[in-house]
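The block underneath contains the structure these notes are about, expressed in C-alpha cells.
Only heavy atoms go into these numbers, but all of them, side chains included; no hydrogens, no water, no symmetry mates. Keep in mind it's a predicted model, so treat the numbers as computed, not measured. Residue numbers start at 1 and run along the sequence shown.
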Amino acid sequence: MSVHPGLPFAALSRASSVRKSNAMRRMTGAATLAAVCLTPVAQAATDTYQRGSFGAVVSWPLIPIHAALLPDGRLLTYGSDGKGNQTGQFTYDVWDPSKGTGAASHLTLPNTTGADTFCSGQIVLPVSGAVLLTGGDRTVNGVRNYSINDVNLFDWRSNALYSAQAPMAFLRWYPTVLTLANGSVLVLGGRQTPEVAGVSKETWVATPEVYTEGIGWRSLPAVASDDAYGARNWSYPKAWQAPNGQVFIATKWGGSYYLDPNAAAGAGQLTRTPLNLAESDDYLPAVMFAPGKILSFRKLNRAVVIDLNGATPTSTSTGGVGMDRYHGSATVMADGKVLVSGGSMVSNVALGVAYTSRIWDPARKSWTTTPSAKKMRLYHSVSLLLPDGRVLLGGGGAPGPQTNLNAEIYTPPYLYKQDRTATLATRPVITSAPQTAAWGARINVAVDVAGVSRVTLVKTGSATHTVDFDQRFLPLTHTASGTQLSVTMPANANLAPPGYYMLFVFNSAGVPSVARIIKLG
C-alpha cells in the first residue's frame, strides 16, 4: 500500500491495545478508521497547532466533481472520466479511507445506467442510505449541457449504481437536493435547455419536486417560482431545512423565501420573507454552522450570518474572508468552526487564486489563515469533512486552468498538541455507541478517557459546485460518569433532518475522536 504523508487517519498512541478490545472488533465502516496507522510528517512551522497542515497531493481516479459520504464512512465520487474529461457516463469511484490513499483504496467501477451524471444533484437517502442522483447531462447534436430527468441510485452495500426507473417530471441540470424533516427529499432548480443559436433557448425549472422512498415523486406546480429557484436563481439554489419546519432559501440576487412543501394538502406554500441580502453569486458558498444559523458569502468580500431562529429571518454582517472566492467551498468542521477553501477572484480563472484556506470562529467572529495547499481548487472542486475530523479538498477542472485528478487533505489545529512541536495529539476513542438514535433520546456512548469536554454532531456531507447539501452542525449536551456518557440527541427533525450524522467526542484538551456514524430517525 502506498502511504502518503500528511493524510488522514493518523495512528492513535493506544491503537494497538484498542484493536484488541472486544469493542473495537465489533466496529465496522467509519469506526475502523481509528485503527489505521498513517502518520503525518511533522511540520517545521511552530504554529501548526494554530493553523493546521496540508498533506501531500494524492492521485484520484477521476475528477471528484461530486462527493457523498456513505453510511459506512467510504466516499462516493464521480463526474469525469479517468482522463478528466467532462462526463459522468462511464465511471464512478468509491474510496475506502481505511485502506489509505493508494490505488488499493479506490474501487472504480463502470457506470452501466447509460445516464451521464455530470452536474447532477446527489444526496444520501435517510431510510435506505442509498445515494439518490437526480438529473445530469446530455449531448444533443454534439452540443453538451442539455439536461436529463433520469434518477439513479447508488447502493453502498453492493457498490452498484442503477436506474431508479421512475424519472422526475422535469429535466434538471444543476439541481439542489435536500432532506426534509419528514424524510422526503426536495429537489429545486436546475436548467432544462441551454442557449444554442438557432436551436434552443435557455430554459429553467421553476417547479419543485419531492421524492419519498417507497412512494416516488410528486410535483409542486402551485409554488413554481422564477425568483426563488427558477430563472433568477436556478443554479444549485442555496436552501436548508429550517427550525420552523419550512425550507429557507437564500437567493443569489438577495431575496429570501420560506417554502413549505407539505402545506395546502401537499400542494405547498411559498412565502417571501422580509429579509433582503446583498447580491451573491452561484459560486459563492454558504453553510449552516449552528442550528438555524447560516454563514453566507455575498459579493464584494461580504459575509453575513443569517439567523432563522426567530419569528422572521435576520442577518448580521461579519468579517469577510478577504476576497471573493468564486468556486470556493465552506465546510463546517467537527468543532463547529468553518473552513473556507479554494476559489479565485475571477470565476474559474487563475487570477487571485486562494491557495490558503481560512477558518472562521463563530464564537469570536474571527479568521485564522492556514498554510498553502499545492493545487488550485476552482470550478468542479469539492471540500468534505471526513469521519476522522480532517477535510478532503479535491478536484477542479473539466474545464479549468488545471485538470485536477487529485486531492489534498487538511489536518485542522484541533488534531495537534497545543504547543509548538507540530505533534499530533492523542485522541479519545469511542469504544461503543448505538447505530441509530431518535430525536430527543438520550444515548449511551462509551469512550476510553474521562473528562470529555464536548460532544458534537455533523451531518454527513454531499458536496458539489460550492454547495454541501444538508450539511449542518449541532452541539449536543451530555453528562458523564467516568468514561460513560449520556448524550442528548437533537430535539426534533426540523433541527436535524433524518439521516446519517457523524458523532464526535472531544477530550479535555479539545481533541476530537474519530466519529461514529449514527442514523438519526
With a 4.5 Å cut-off on side-chain heavy atoms, are Leu132 and Asn152 touching?
no
Here the gap from Arg516 atom CZ to Ile443 atom CD1, rounded to the nearest 0.5 Å, amounts to 10.5 Å
Taking Asn301 for its side chain and Met323 for its backbone only, find out whether a donor-acceptor pair lies under 3.5 Å.
yes
Under the 3.5 angstrom rule, does the side chain of Gln269 hit a backbone N or O of Pro261 as a donor-acceptor pair?
no
List for me each residue that meets ring pair (Phe, Tyr, Trp, His ring centres under 6.0 Å) alongside Phe289, sequence neighbours excluded, and say none if there are none.
Trp360
Verify side-chain contact (heavy atoms from CB on, under 4.5 Å) between Leu69 and Ser462, making sure each step is shown before the conclusion.
CA-CA 6 Å; Leu69 189 66; Ser462 186; over 6 Å; no
Answer with yes or no after comparing the ring centroid distance for Phe118 and His380 against a 6.0 Å cut-off, counting only values under it.
yes
Polar side chain donor-acceptor pair, His327 to Ser347, under 3.5 angstrom:
yes
Any side-chain heavy atom of Glu279 sitting closer than 4.5 Å to one from Trp253?
no
Which atom pair, heavy atoms only, marks the closest approach of Phe297 to Ala330?
CE1-CB, 4.3 Å
Under 3.5 Å, is there a donor-acceptor pair between the Ser296 and Arg298 side chains?
yes
Can you check whether Asn494's main-chain N or O pairs, donor with acceptor, with Gln241's side chain at less than 3.5 Å?
no
Do Leu485 and Val455 have side-chain heavy atoms sitting under 4.5 Å apart?
yes
Within the side chain of Ser256, is there an N or O that forms a donor-acceptor pair under 3.5 Å with the backbone of Ala250?
no
Measuring from atom NZ of Lys375 to atom CG of Asn404, what distance do you get when rounded to the nearest 0.5 angstrom?
6.0 Å
Residues Lys252 and Asp282 bridged, charged N to O under 4.0 Å
yes
Tell me whether the rings of Phe506 and Tyr414 are parallel (<30°), tilted (30 to 60°) or perpendicular (>60°).
perpendicular
How long is the gap from CZ on Arg472 to CG on Leu495, to the nearest 0.5 Å?
8.0 Å
Do Tyr229 and Trp234 have side chains that get closer than 4.5 Å, going by heavy atoms?
no
Can you tell me how far apart CG (Leu284) and NZ (Lys299) are? Round to the nearest 0.5 Å.
8.0 Å
Exceeds 12 heavy-atom contacts within 6.0 angstrom, atom NZ of Lys293:
no
Using modelled atom types and a 3.5 Å cut-off, is there a donor and acceptor pairing between side-chain atoms of Asn348 and backbone atoms of Pro399?
yes
side-chain hydrogen bond (donor to acceptor under 3.5 Å, both in side chains) between Glu213 and Ser128, intermediate numbers included
CA-CA 8 Å; Glu213 289 185 82; Ser128 66; 2.7 Å; yes
Ser53 and Tyr416: CA distance, side-chain angles, deciding distance, side-chain hydrogen bond (donor to acceptor under 3.5 Å, both in side chains) verdict:
CA-CA 10 Å; Ser53 68; Tyr416 285 97; 2.5 Å; yes
Tell me, with the steps shown, if Asp260 and Thr271 meet side-chain contact (heavy atoms from CB on, under 4.5 Å).
CA-CA 9 Å; Asp260 186 345; Thr271 307; over 6 Å; no
Strictly distance-based, threshold 3.5 Å: is any side-chain N or O of Thr193 a donor or acceptor partner for the main-chain N or O of Lys201?
yes
Has the side chain of His66 got a donor or acceptor atom that lies under 3.5 Å from a matching backbone atom of Gly121?
no
Can you tell me how the ring of Tyr410 sits relative to the ring of Phe54, calling it parallel under 30°, perpendicular over 60° and tilted otherwise?
tilted
Output yes when a side-chain donor or acceptor of Arg218 lies under 3.5 Å from a complementary backbone atom of Gly266, and no otherwise.
yes
Let me see the working for Asp468 and Leu384 under side-chain contact (heavy atoms from CB on, under 4.5 Å), right down to the final yes or no.
CA-CA 8 Å; Asp468 191 335; Leu384 200 86; 3.9 Å; yes
Are any non-hydrogen side-chain atoms of Pro413 and Tyr49 less than 4.5 angstrom apart?
no
Is the closest side-chain heavy-atom distance between Thr464 and Ile65 below 4.5 Å?
yes
Verify whether one side chain among Ser383 and Arg377 offers a donor that lies under 3.5 Å from an acceptor in the other.
no
Between Ile148 and Met168, which heavy-atom pair has the shortest distance, and what is it?
O-CE, 4.3 Å
Taking Thr134 for its side chain and Val151 for its backbone only, find out whether a donor-acceptor pair lies under 3.5 Å.
no
Exercise: do Thr370 and Arg51 side chains pair donor with acceptor under 3.5 Å
no
Closest non-hydrogen atom pair, Ser120 against Gly135
CB-O, 3.3 Å
Should Arg232 and Asp226 count as an ion pair when the cut-off is N to O under 4.0 Å?
no
Indicate, with yes or no, if the rings of Tyr257 and Phe248 have centres closer together than 6.0 Å.
no
Residue pair Tyr236 / Val467: nearest heavy atoms and the distance that separates them:
O-CG1, 4.2 Å
To the nearest 0.5 angstrom, please state how far the OG atom of Ser280 sits from the NZ atom of Lys238.
6.0 Å
Using modelled atom types and a 3.5 Å cut-off, is there a donor and acceptor pairing between side-chain atoms of Asp281 and backbone atoms of Tyr326?
no
Looking at every non-hydrogen atom in both residues, tell me the closest pair between Ala496 and Leu520 and how far apart they are.
CB-CD2, 3.6 Å
Is the Tyr379 ring parallel, tilted or perpendicular to the His465 ring (thresholds 30°, 60°)?
perpendicular
Determine whether the side chains of Asp470 and Thr179 contain a donor N or O and an acceptor N or O closer than 3.5 Å.
yes
To the nearest 0.5 Å, atom OG of Ser513 lies from atom CG of Asp388 at 10.0 Å
Going through the checks in order, is the side-chain contact (heavy atoms from CB on, under 4.5 Å) test met by Val340 and Arg325?
CA-CA 9 Å; Val340 180; Arg325 290 178 175 235; 3.8 Å; yes
Heavy-atom side-chain proximity of Tyr211 to Leu125 below 4.5 angstrom
yes
Non-hydrogen atoms of Trp173 and Ser147 that approach each other most closely
CB-OG, 3.1 Å
Answer yes or no: is there a side-chain heavy-atom contact under 4.5 Å between Arg427 and Leu415?
yes
